[in-house]
> 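My questions will all concern the structure given below.
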Amino acid sequence: MVHPGRRVVSGFVFALAVIKEMAREAQDDQGEDDYTDDSKHV
Amino acid sequence: MEGVTTLVGQGLYMALAAVAGLGIARLLKRDNTLGCLIAGVLAGALLPVFDYDTGLRAENLHQLVFFVILPVLIFQSAWRIDPDILFRWLGPILLLATIGVVICALITSVLVYYGVHHPTGFPWLAALLTGAILAATDPVSVVARIRQGSANEELLTLVEGESLFNDAVAIVLFSFVLGIASHSVMEGSVATGETLSGVGSFALYFSILFFGGLAVGTLCGLVTAIVILFLRSAGAALMVLVLAAFGSFYLAEHVVGVSGILSVMICAIVSRACLREQQETYLTHAAPTWEWLGLLFQALIFVIMGLVITFEMFTQQWLAMIIAIVAAIGARGLAVFLVAPFARFVGPPIPNSWRLILSWGGLRGVIAVALVLSLPVELPYWWTVQSMVFGVVLFSLLVQGTTSTRLIKKLEL
């Protein structure tokens, strides 16, 4: 049985890792994307 | 259909008054808040002439303040603060915003209780409510002055950060005392399964409220950051942020049953810290958006204050107002000067001149007005508390606001 506190901490660390990875990817693609042009997203 | 058009008309009337207030502030060369207050008084005076109803009632003000206005105001203040400098000053800020706020609220309560000295008409609970409301500070003039002048980022972060955290703690304290006052603690939003009684249970209830709010806020902040990074668009990021402000409050307050305000504050801080590298990309429009939303709601709160303020408050409650002003200023000064020396144990020391700015520049503004407007009229002492808080806010606007900018100039900060 995993302690609930440990589960919370691992969840938090996992979320941070996901954010870091996504931020890195976003940084890499920066040249291709025009983030302020929303028309293409509509 | 008629209901909808009335609502739109009422919203427009208030927004028009807010814009007129900004104009008055410009003409008088004073704070926007004072201009909006004057515009609110004028808008109130014109109501019988037009035979118009603003739709504002004591019953819907609480909902409006807690579900619409406070989330935006707290989110925008939290978003404005630089996370790096905030973390450096976190120790002193937390010290001032927790122990400092509790000391300030208690001293204010004791002073107003014994000052009014009317145990049946103004019991301890009324004094505690007044203390909690007046513990929330709003250093708007001080911040504006520091930004114009030397722009000392460290002092700015300390002042803004302390104000943000003490607003959140004061709102939690207020909700807690109000819960006791209106007996809602007994039916409570926290599913403890039994009736709360005794100091231990209250401490438990307060802890669940406090730490639960922090946990929900962290979760919302992380999810917000992930969704913004996934969407990769500046427009969508704004939508997500606005949703995060209202959503984190609703989730915490209504679904989980913990403190919504703490949740909003932590959500803003966590998401901004996680998205630090995206400030120039997806979040380019975030700061101006929160700025105008904050301005709009601050203006609306002061217009509402102008609408509900009455001449009788000054003729019948002037003594209570003076007692509250003395109590609020004295308590803030005492709390800051008692707690500030301990700051060096938890972070950088706070210089003496900064302590002076923190105590005299700790104006009572938008949060105090929002909280007092949300008081239920079923409480027999609500009018006395409202008059006292309005008195302190007026004193803050007229006297403290102008003199604190001179104080900064004199201290050469």
Side-chain angles (χ1 to χ4, degrees), chain A, chain B residues 83-84 87 207-208 210-244 248 251-252 256 258 263 266-289:
Chain A
M1 173 83 182
V2 185
H3 191 273
R6 245 172 100 177
R7 236 180 236 171
V8 170
V9 173
S10 19
F12 186 72
V13 172
F14 177 71
L16 282 181
V18 170
I19 290 170
K20 214 173 165 187
E21 181 57 27
M22 288 176 89
R24 199 185 54 76
E25 260 177 43
Q27 210 80 355
D28 290 347
D29 298 345
Q30 231 175 64
E32 301 159 25
D33 254 348
D34 179 8
Y35 10 78
T36 50
D37 178 14
D38 289 312
S39 54
K40 63 184 172 147
H41 294 278
V42 179
Chain B
D84 291 321
F87 288 128
S207 310
I208 294 172
F210 194 89
F211 293 106
L214 297 188
V216 175
T218 311
L219 183 74
C220 290
L222 291 173
V223 172
T224 306
I226 291 174
V227 174
I228 288 176
L229 283 169
F230 175 74
L231 292 174
R232 292 198 192 181
S233 129
L238 290 184
M239 272 173 65
V240 176
L241 285 179
V242 173
L243 179 68
S248 56
L251 182 72
V256 187
V258 292
S263 168
I266 298 298
C267 174
I269 293 173
V270 168
S271 54
R272 174 143 186 213
C274 288
L275 297 168
R276 249 176 299 186
E277 287 156 17
Q278 275 66 44
Q279 289 298 324
E280 302 299 318
T281 54
Y282 314 127
L283 298 176
T284 42
H285 307 322
T289 301

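Naming: A, B, ... by sequence-line order, numbering from 1 per chain.
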> Can you spot which of A:Met22, A:Glu25, A:Lys20 makes a side-chain contact (heavy atoms from CB on, under 4.5 Å) with B:Leu229?
A:Met22
> Considering all heavy atoms of both residues, which atom of A:Leu16 and which atom of B:Cys274 are nearest to each other, and what is their separation?
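Closest approach of A:Leu16 to B:Cys274: CD2-SG, 4.0 Å.
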> Any residues in residues 215-226 of chain B near chain A, with a heavy-atom distance under 4.5 Å, and which are they?
B:Thr218, B:Leu222, B:Ala225, B:Ile226
> A:Arg24: what forms a salt bridge (charged side-chain N to carboxylate O under 4.0 Å, His left out) with it, not counting sequence neighbours?
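For A:Arg24, the residues satisfying salt bridge (charged side-chain N to carboxylate O under 4.0 Å, His left out) (neighbours in sequence not counted) are A:Glu21, A:Asp28.
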> Please round to the nearest 0.5 Å and tell me the distance separating atom CD1 of A:Ile19 and atom CD of B:Glu277.
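Spacing of CD1 (A:Ile19) from CD (B:Glu277) equals 11.5 Å.
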